[in-house]
Every structure is written in structure tokens, then in C-alpha cells.
Protein chains: 4
Amino acid sequence: MTQTNGKPAPGRRNSQYQKRLSSVLRAASKVIARDGFEGASVREVAAKAKIGLSGIYYYFESKDELLYALQHHAFSTLIESLQEKLAQLSSPEDRLKAVFDNHFQYFANNMDDLKVCVHEIESLSGKYYKKVLKVRQEYYGLVKSVVAEVTGRKNYATNLATLSLFGSLNWVYMWYDKEKNIDIDKVSSQFLRVFLNGVKAS
Amino acid sequence: MTQTNGKPAPGRRNSQYQKRLSSVLRAASKVIARDGFEGASVREVAAKAKIGLSGIYYYFESKDELLYALQHHAFSTLIESLQEKLAQLSSPEDRLKAVFDNHFQYFANNMDDLKVCVHEIESLSGKYYKKVLKVRQEYYGLVKSVVAEVTGRKNYATNLATLSLFGSLNWVYMWYDKEKNIDIDKVSSQFLRVFLNGVKAS
Amino acid sequence: MTQTNGKPAPGRRNSQYQKRLSSVLRAASKVIARDGFEGASVREVAAKAKIGLSGIYYYFESKDELLYALQHHAFSTLIESLQEKLAQLSSPEDRLKAVFDNHFQYFANNMDDLKVCVHEIESLSGKYYKKVLKVRQEYYGLVKSVVAEVTGRKNYATNLATLSLFGSLNWVYMWYDKEKNIDIDKVSSQFLRVFLNGVKAS
Amino acid sequence: MTQTNGKPAPGRRNSQYQKRLSSVLRAASKVIARDGFEGASVREVAAKAKIGLSGIYYYFESKDELLYALQHHAFSTLIESLQEKLAQLSSPEDRLKAVFDNHFQYFANNMDDLKVCVHEIESLSGKYYKKVLKVRQEYYGLVKSVVAEVTGRKNYATNLATLSLFGSLNWVYMWYDKEKNIDIDKVSSQFLRVFLNGVKAS
DNA sequence: TATGAATGAGACTTCATTCAT
DNA sequence: TATGAATGAAGTCTCATTCAT
């Protein structure tokens, strides 16, 4: 990316810059999760990040780029941590368990981010949409390959099973209630068990 | 609600009124499904319904009420048709199949409506939110009771299973592609099989 | 006035027509007094008069005409009843007392109307404004002539005194409180006394 | 009030800001005096103030707040200047004269403002109404206390006399004509004389 | 590096009015 | 005599964005 807007080259970014930037991201995550991307206002993000409204535009060239950054970062992290986990496992069932655990853990620690990823998929367009699509597909592909190890590579079944799996996982933000102290690991295990038994028996 | 805004009492609504009203609803469904509730503009709904912008407000007192009408009607229809199907079936597995089929059929015939129901759940607030919540919970309860017949009423498992089920079903609009002529009945069967085997084995 | 809008000629107006018309006028008076002319909506006037919104336009060709009718009728009545009272009195002081009493009595019985007359003087324009201006000036002239009998026709003083008098009288709607059971006759007497002593001593 | 809308904290307001702000206030005063509060459009205020429509909302959070600012400022000024005058006078009659003069002078220099104060008293509601009510009552109380010095504190008479006085004063905008070069000091004196003689003789 | 000030576009909504019936 | 249905104009307000400083 060329530096057209005065943003410092990565090398010059100091820790102050990083701190502010992630403060903005966190604020954006919270506000967009609550109000939706269209409903969220840059004003409120700025207020929550404790910088002036126009300060946002030092860090991001547009509201769209803000959403892009949020989504891209979340998917990248998800992929990275999943790959790390998978690298140490060989049994298909353990590997599938890693998929569930990884997703649920990320969700537990970054609810707002994951909600924004799931709910605002179609809020971007153009270049930002394409870039996010790419990582999303990478994540999808990675998960599908693990599912395939269990289903035995019957393509049609694997595809549908993976889509069903994503549906279950992505819906979590709709019913998970922080306050209720639900044990997310148990949820993960239970979801895994149903899914695993389901695909194996089919 | 008192009739201060000239909306005729139900008894006097003629067929012309009904035709226009459902034309508005169809337009709204399409636009909101495409742009999201916040992103959708009443102007465009009106244009698609071929009435003047202010004409919308003869039929609905606000954009919110429009969304409410859409969601409430969809859930009510879903419940009604499911109840009709269930009334004629007694085997738990047939009944569970009815749940899947009913949902997928409704989706196939009313994609936009279902997307609006799933994606814009949190776009309402206040009285409209509450009213929709009520029918949503009714639908959820109905489905859960059928799932319970299969899981054997172990409450915790039934709950999670039902939530997982809804996740799978509600996610469909994200990947289903009309153009690709996917056979929705097959999808329903496949989803059913995985889910059923999953919960039975667990 | 020519009959362009299908309004029946006076001769054909039956009592049903009269009843509805005054129901509309009463409703308009109340709503306009409360919300101001601009703030008042024809819709609400119709609702309060228990006819359909477009029904108003059978009786009045526009919102402006409605205000005109209200104001013109009020001033005419005020003039008429004052003239009747004056016709029977000869002492200047009694006649001035009649002015006060007449105004206060009309106010007591038609608060909304008088408020609309006082507060919405400038809300009309064009022909309606001119017509109301005429009766207003007639009323003003009448009162001024009575004041002159007391001040002894020194023009400048009479003018200012009359204006001061109208100010006092017209302001009443701002502080008079129906609920407090204020004795309007006492108020009239007291206002008269101060004014009379004031102009006589000057 | 928290500063969520970018309005600078008082300390940081520069003179440019002040200049624009009073330009907006002046424009608003003129437009609202002419068209009434409901009839006035923010658009026209902006045009007269030579800023963009939305620029208004940088200075005021709503049309209501604009009216509030106008009214509150006018009454505060009126009170302040009256208190200054009264501080230097001891004779009851001189003090009453100060009341008249103060009011008339303020009117002469700020006709639009005073008209807006008098005519749009009921155009506000909620918090803005309450705040203005408070200063209005303060002004009323101040004037009443001066009147009481002359009437000798007979409460009922003092009250009515003060109300009558305000009526006379507030009505001025209805008949005072700038073009006619009326001598406002003479008007003040004449009004004072009538009122003073009136209450003293009663 | 950050923001105060401003803006143009566009949003939802209300309103007086009309006209066929 | 009255109204159901519809509309165009206008209104207030919010928003993402810009730019001089």
C-alpha cells in the first residue's frame, strides 16, 4: 500500500501510534457490534476511543477501511492460531476438536470482533470486500479440509457439512450470554460431539 | 392502536389496499435484504413499490413498523405451517424432518423475508422488538419441543442442540445461491441426517 | 363570495351542516390555541371534530380560511356585543366599564378563540389578513372612541392609552388559569380602576 | 452536558467561533420574529447567517436549543441591566421608572429578540421550557417587587397590576413602528405616568 | 499528530391538499 | 356529504468526510 495520506511508514510507527490505533479498533469493534456497521457512527467510535472525530482519519482513510481492518485482522488471527494448533495434531478427531475449540476460544475472547465479522460480511464492497473475502475463504478452506478428513472426502457431503458447521458456530453470538457464565469449553465439546457423530454416522 | 392516521379500519380495507400493501412489503423485503435495514432507504422501497415516498406512510407509520410487519408475518407463517405439518405426524423423526423441510421450504420461497428475519433481529427496539421477540420465541419453543422428542428431554443437551440447529438453518442465506439450482430438498435431507445422527448418538 | 367548491348556498345549509361546521370550528380553536397555527395540524382538527381529514375541506377551502373564520367571527361578536352594551349607557365611565367587562366576559367564555385572535394575528396574509384587519381596526376604533371620552380627546395620549389598554387585555390568556377559579369580574373591575385612575390623573 | 458533538469546551472557543455564533443568533432572531418559531426554517436562518444548513448544528443541537438560547439570553440581559439601574435608585417612583425605561430601551435596541421572547413563550417544552421559565419568573419577580413599593404591598392588587403592566409592555411589538420614528422615551414616560397614577390612586 | 470548524448529501417523517368515488 | 388513498414539498437532523491549522 502506498502512503498517500501522511500515515507514517511502518518503520516509523512508534508505540504511541500503536496504542491509539488499537484503542480505535477496540472502540470500533464495540460500537459496530452493538449498532451494526451502517448504524454505527464514526463520531461515537471517536468518542469511545477518546480522540477527536477527525482524529480517526489519521488512522483510517474511511469508515470502510475501519471495518476492513477489523475483519481482516480477526480472520487472520483465527487462521494463524488454528494453524498453530493443527500443526501439533494428527488424529482427524483431535484436529476437528481443534477447529471447534479455536473458534470458540476466539469468540470468548473477542466477542465483538467475531460478531462484526459474521454480521457485517456484506457491509463492505469493492477492494475491501475482496480482500476480506480472500481470508474468509482461506479460513473456510482450512476448516473444510479438516472436516474432509472425517467425512472421507465425499465432496458434496463435506461441503454441506462445513456450511452447517459454520452456521452453528457463527450463530453463537446471537445467544451466548456473558453474564450467564456459560462454560464455553463445554459448549465447544457438545457442539463437536453432535457434529462429529453426525458426520461419521452419515 | 387508535386510527389517527387515516389507516382504514380492517373492515373497510378493500382489495386495492391489500394489493398495494403487499406490494410495499415485497419491495421492502427485497431492499432490506440487499442493503440491510439501516442501509435501506424508504425512498427506494417506495420506488420499487411504485408509489410516492410519502405513500409508504399511509401504510406504515414508520420504517420500523415496516420491518416489524415483515418479521412478524414471516415468523407467524413459519409457525403456522409447521404446526399444520406436525399435526399429521407422530414419529419423532418424521416430525424433526418436518421442522427441517418447513424451514427450508419457506426459505426457498421467501428468501428475502427469511434473510431479513435472521439478519435484522436486532434492528428493532421497543414495542416492535418485543412483539417480534414473542413470535420468535414461540417458533424456537416449538422447534425445541420437537428436538426434545429425539434427545430424550435432557434439557441442557436439547437446548444446545436446538441452538446449533438454528445456527445451521439461519446461515443458509449466506451461501445458498439461487442461480446454482441447488436442490433444496436434498440440502434439507442432508442437514437432517447429520443433525439427527448427531443427537441420537450423543 | 361565489360558490366554487360545491358548498351549498346559505339558503340550503341545513342544521346538520351547521352542527358539523361549528364542531369543526370548536376543534380548530382548541387545537390552534394549544399548538399555534403553524403547529396545529388539520389532521388533528379533523380527529377532534370527529370527521375524516378530507372532510374539513368540505367546510373550508384551506387551513387559512379556517383561521380566518375563527378570527373574523370572534372580532365580529366582540364588536356586536360591545355595541349593544354601549347603546344603553351614556356616562363615559360606565361606557369604559362596558369595554372592560365585554372583553373579559368574552374571554371567559371563549378563551381559545380569543387566544387564537391575539396570538395568531400575523399568521394570515393576503385577503384573509386584510379582512380580519378590517374588523380588528373596527374594534380598536370603537374602544378608542370610548377611551377618548375619558381622556378628553387629546389624540396622542388617547392612542397610547388605548394601546396600553389592549396590551393589558390581550395578555390575559397568558396568565389566567381556569383551574384557579379566579373571579373574572373582579379582575375586570380592578383593571378598569387602575386604567381609569391612570388616564384621569394624567 | 458532555461534549459529544464536537462543540468545544468554553475555554477553547476562539473569537471566530464567537463571531459566527452571534451571527447565527442574530439571523435566528430576525427569522423567528418574522415567521414565528414553527414557521421559521433552519435553512433560512443558516442562509441569513451565511453558513451551510448543517453548520447550524455545529452551534446548536436543535432548533429548540436555538430558541432557548435566544430567550434565555434576552431575559438574562434584561434582568442584569435592570438590576444595575435599580442599584443606584432608592425612590419607589424612580425605581418604577427604571423598570419602564429598561424594558423599552431593550425593546428599542433588540426588537426581534423581545418579540421572540414574548410571542414564543409556549413554543418550547421540556428542559428548555423550564430553564426559560426560571429566568422569566426571576424577571417577573423583580418587577413585581418594584411595583409593590408603590402599591404598598397589597398582594392581590400588586399581582394584577404587575400582570397588567407586563401586558402593556409586551404588546408594544405589535404596534411599534420603527419607520414612524416614534420617540420611545416619550412612550415609556407616558406609560409610566398612566400606570403610576393608576396604582397610586387605587 | 490531532482537531476545530464546516459542509453537502441524504435520511426519515409530516403536512396541507387533492380527487375519484 | 364525506372519505380513502395518495402525493409533492418541505422540514429537521445526522453523517462521513475534509482541510486549514
Side-chain angles (χ1 to χ4, degrees), chain A residues 5-8 12-14 16-17 20 38-46 51-64 66, chain B residues 3 5-9 12-14 16-17 20-21 38-46 51-64 66, chain C residues 5-8 14 16-17 20 38-46 51-64 66, chain D residues 3 5-9 12-14 16-17 20-21 38-46 51-64 66:
Chain A
N5 62 345
K7 221 180 283 186
R12 298 193 46 217
R13 286 174 187 166
N14 59 21
Q16 166 74 353
Y17 177 93
R20 297 264 196 163
E38 284 271 4
S41 92
V42 178
R43 262 174 174 81
E44 193 173 355
V45 172
I51 65 174
L53 164 59
S54 38
I56 296 281
Y57 291 87
Y58 181 73
Y59 296 94
F60 297 96
E61 66 180 9
S62 69
K63 195 186 174 190
D64 278 16
L66 193 46
Chain B
Q3 300 293 132
N5 61 346
K7 214 182 286 184
R12 306 200 54 183
R13 285 175 188 163
N14 57 22
Q16 167 73 354
Y17 178 93
R20 293 266 196 162
L21 183 136
E38 285 270 4
S41 92
V42 177
R43 214 175 215 97
E44 193 171 356
V45 172
I51 64 175
L53 164 58
S54 51
I56 296 282
Y57 291 87
Y58 185 70
Y59 294 93
F60 296 96
E61 66 181 12
S62 68
K63 195 186 175 189
D64 277 18
L66 193 45
Chain C
N5 61 347
K7 218 180 284 184
N14 58 22
Q16 166 73 352
Y17 178 93
R20 297 261 195 166
E38 284 272 2
S41 92
V42 177
R43 263 175 173 79
E44 194 174 354
V45 172
I51 65 175
L53 163 59
S54 37
I56 296 281
Y57 291 86
Y58 181 73
Y59 296 95
F60 296 96
E61 66 180 9
S62 71
K63 195 187 175 190
D64 278 15
L66 194 45
Chain D
Q3 300 293 134
N5 61 344
K7 215 180 286 184
R12 308 199 53 182
R13 285 174 187 163
N14 58 21
Q16 168 73 355
Y17 178 91
R20 293 267 195 162
L21 183 135
E38 285 270 4
S41 92
V42 177
R43 215 173 216 98
E44 192 171 357
V45 172
I51 64 175
L53 163 59
S54 50
I56 296 283
Y57 291 87
Y58 185 69
Y59 294 92
F60 296 96
E61 67 181 11
S62 68
K63 195 187 174 188
D64 277 18
L66 193 45

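This is a predicted model, so every value here is computed, not measured. Quick note on labels: first sequence line is chain A, next is B, and so on, each numbered from 1.
Listed here is the closest heavy atom pair of C/Val45 and C/Leu66: CG1-CD2, 4.4 Å. Across A/Ile51 and A/Ile56, no two heavy atoms sit closer than the pair CD1-N, 3.6 Å. Of all heavy-atom pairs between A/Leu53 and A/Ala46, the closest is CA-CB, 3.7 Å.
If you take CD1 of D/Ile56 and P of E/dG8, they are 13 Å apart, rounded to a whole angstrom. Summarising the geometry, the separation between CD1 on C/Ile51 and C1' on F/dT3 is reported as 10 Å, rounded to the nearest angstrom. The separation between D/Glu44 atom CD and F/dA9 atom P is 19 Å, rounded to whole Å. The CG atom of C/Asn14 sits 10 Å away from the C1' atom of F/dT1 (whole-angstrom rounding). Here the C1' atom of nucleotide F/dA5 and the CG atom of B/Leu21 are 13 Å apart, to the nearest Å. Computed from coordinates, the C/Tyr59 OH to E/dA16 C1' distance equals 19 Å when rounded to whole Å.
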Heavy-atom contacts, protein to nucleotides 14-21 of chain F, under 4.0 Å, summarised as B (base), S (sugar-phosphate only) or - (none) per nt, yield BBBBBB--
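To the nearest 0.5 angstrom, C/Gln16 atom CD is 5.0 Å from C/Arg20 atom CZ.
Using cut-offs of 30° and 60° for the angle between ring planes, the C/Tyr17 and C/Tyr59 rings count as tilted.
Looking at residues two or more places apart in sequence or on another chain, you find no salt bridge (Lys or Arg N to Asp or Glu O under 4.0 Å) involving A/Glu38.
Heavy-atom nearest nucleotides on DNA chain E were determined for D/Gly55 and for A/Gly55, and the one closer to the 5' end corresponds to A/Gly55.
Contact check, C/Tyr58 against F/dA2: no side-chain N or O comes under 4.0 Å of OP1 or OP2.
Base pairing in DNA chain F gives the following stems of 3 or more Watson-Crick or G-U pairs, range against range and under 3.5 Å: E:2-21 with F:2-21.
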